[in-house]
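Input: a single structure, listed below in structure tokens.
Hydrogens, waters and symmetry mates are skipped; everything else that's a heavy atom, side chains included, is used.
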Number of protein chains: 2
Amino acid sequence: MNCPQILENIQNHISLSTSEKKLFVSYLKVNDVSKKERILQQGDICKAIFFVESGSLRAYNFNDEGKDSTIMFAVQDWWITDMNAFVNQKESLLSIELIEDSRIVELRFSALEEIYQKIPKFERFFRILFQNAYVREQLRVLDNISYSTEDRYYRFVEKYPQVVQKVTQKQIASYLGVTPEFLSKVKNK
Amino acid sequence: MNCPQILENIQNHISLSTSEKKLFVSYLKVNDVSKKERILQQGDICKAIFFVESGSLRAYNFNDEGKDSTIMFAVQDWWITDMNAFVNQKESLLSIELIEDSRIVELRFSALEEIYQKIPKFERFFRILFQNAYVREQLRVLDNISYSTEDRYYRFVEKYPQVVQKVTQKQIASYLGVTPEFLSKVKNK
DNA sequence: GACTAGTCTTAAACTATGTTATTTTTTTAC
DNA sequence: GTAAAAAAATAACATAGTTTAAGACTAGTC
């Protein structure tokens with residue numbers, strides 16, 4: 001296992017020696033997963049965090065009334081999991097499904113705990129990763145509470161053009177929190 | 001300067017030696033700030049992150065149409081800043097105002113950079129802080145896109161009873177992203 | 001190449017939320 | 001303690017978003 005892509009992602013923020021790289025990579029598992037498969041099922045314990053080498057995924061919640069709400073999309077070089085369920089090792093609120101055939105790197109909870117101990121620099125890497133994730137979500141909350149649906153749609157398209165190419169309009173609607181019918185109306189008015 | 005409260009908050013997650021505590025505390029500045037004052041003004045560079053020793057604050061954005069959107073409240077033992085503006089040292093999208101007279105500990109950007117270098121354990125502390133913040137915001141996004149206003153109001157009240165005691169209904173409405181008139185209707189129906 | 005299932009569009013009727021304005025209640029400032 | 005200011009409640013009307021249902025348009029499967 002070589003994993004140059006995830007190592008490059010990490011080395012954007014911290015630098016690793018050859019032996020550290022080797023150790024880190026030994027904890028990883030690479031999987032080829034097909035379109036429509038799920039790598040996490042709502043209700044299950046979330047045992048891993050995932051890095052997308054290629055392809056695309058969608059994390060969503062399915063509620064009692066049958067409403068599907070997209071929490072995030074992930075494309076190449078993104079990390080994704082149900083972070084709440086992962087860090088507390090409890091039942092997941094989210095499912096994660098494949099939008100297309102993808103190559104996914106898996107890092108398990110217990111492995112990450114060991115990595116933090118053996119290579120403390122990873123605390124820094126994940127500090128930066130979570131810092132960015134927090135900022136992103138906070139900006140999304142601001143979008144949600146202060147912009148109209150129309151504005152939010154166009155802001156989404158501008159911010160994530162790589163995502164827009166891969167997902168359906170129905171999935172974008174579920175990310176924005178509106179019905180596909182209403183999004184269609186907004187776009188075509 | 002003694003600062004037992006912020007040290008206790010930190011030592012919930014990492015342990016510090018006496019000399020590390022002393023060094024860390026030397027970077028802090030404690031301010032007593034009065035109700036209605038602002039410790040951060042939208043448009044200004046965000047130079048510090050704040051820890052609330054006592055009192056309460058509100059971070060909000062004021063947009064072109066005059067709409068006030070509350071991004072977060074902070075009460076005793078919470079950290080608050082415009083994280084996007086802070087970590088990138090750029091213009092703030094948010095203002096932070098005092099809800100009541102408060103004692104605020106200030107940690108400046110350049111100080112935090114030095115702390116990360118001198119006491120790498122702080123990478124771990126902030127990794128955990130941001131991890132929790134990310135999880136919180138992600139759950140809030142899910143609330144925003146999948147629940148009704150009524151449900152979100154009661155979920156907010158249940159989750160943050162300490163906040164509810166201190167803020168106006170108008171401020172809660174601006175946190176939920178609805179008008180005060182509508183929140184009043186929802187509550188009293 | 002035709003069948004199928006899923007997506008997208010459109011529209012009418014309905015519900016949720018916003019706007020404006022007025023009154024009542026609570027808080028703040030002297 | 002009183003006057004002024006802000007917050008909260010209420011209501012009539014306007015706009016945003018949902019529901020349901022139907023038809024047009026893909027994309028995937030044999």
| task | Return the residues of residues 54-65 of chain A meeting this criterion: a heavy atom under 4.0 Å from some atom of DNA chain C. Order them by number, or give none. | result | none
| query | Listed in order of residue number, which residues of residues 171-185 of chain B have a non-hydrogen atom at under 4.0 Å from DNA chain D? | reply | B:E181, B:S184
| Qualifying side chain to side chain donor-acceptor pair (under 3.5 Å) pairs, either residue in residues 156-165 of chain B, two or more places apart | none
| task | For B:F182, enumerate each residue passing the ring-ring contact (aromatic ring centres under 6.0 Å, His included) test, keeping only those at least two apart in sequence or located in another chain. | result | none
| query | When you check every protein heavy atom under 4.0 Å of nucleotides 24-30 of chain D, what one-letter string (B, S, -) results, 5' to 3'? | reply | ----S--
| request: Sorted by first residue and then second, give each salt bridge (Lys or Arg N to Asp or Glu O under 4.0 Å) pair with at least one member in residues 104-113 of chain B; sequence neighbours left out. | output: B:E106-B:R108
| field | Pairs involving residues 44-62 of chain A, ordered by first then second residue, that meet salt bridge (Lys or Arg N to Asp or Glu O under 4.0 Å) (sequence neighbours left out) | value | A:R58-A:D68, A:R58-A:E97
| said: The criterion is side-chain hydrogen bond (donor to acceptor under 3.5 Å, both in side chains); which residues satisfy it with B:N88, sequence neighbours excluded? | reply: B:N84
| query | Between residues 67-76 of chain A and DNA chain D, which residues have a heavy-atom gap below 4.0 Å? | reply | none
| note | With sequence neighbours left out, the residues meeting salt bridge (Lys or Arg N to Asp or Glu O under 4.0 Å) with A:R155 are A:D143
| query | Would a 4.5 Å heavy-atom cut-off, applied to side chains only, mark B:W79 and B:I49 as touching? | reply | yes
| request: Taking only the side-chain nitrogens and oxygens of A:N188, find out if one of them lies under 4.0 Å from OP1 or OP2 of C:dT10. | output: yes
| task | Indicate yes or no: does B:D32 engage B:R103 in a salt bridge with an N to O separation below 4.0 Å. | result | yes
| note | Residues pairing under salt bridge (Lys or Arg N to Asp or Glu O under 4.0 Å) where one sits in residues 6-23 of chain A, two or more places apart or in two chains, turn out to be A:E20-A:K121
| query | For DNA chain D, what residues of residues 149-169 of chain B have any heavy atom nearer than 4.0 Å? | reply | B:T168, B:Q169
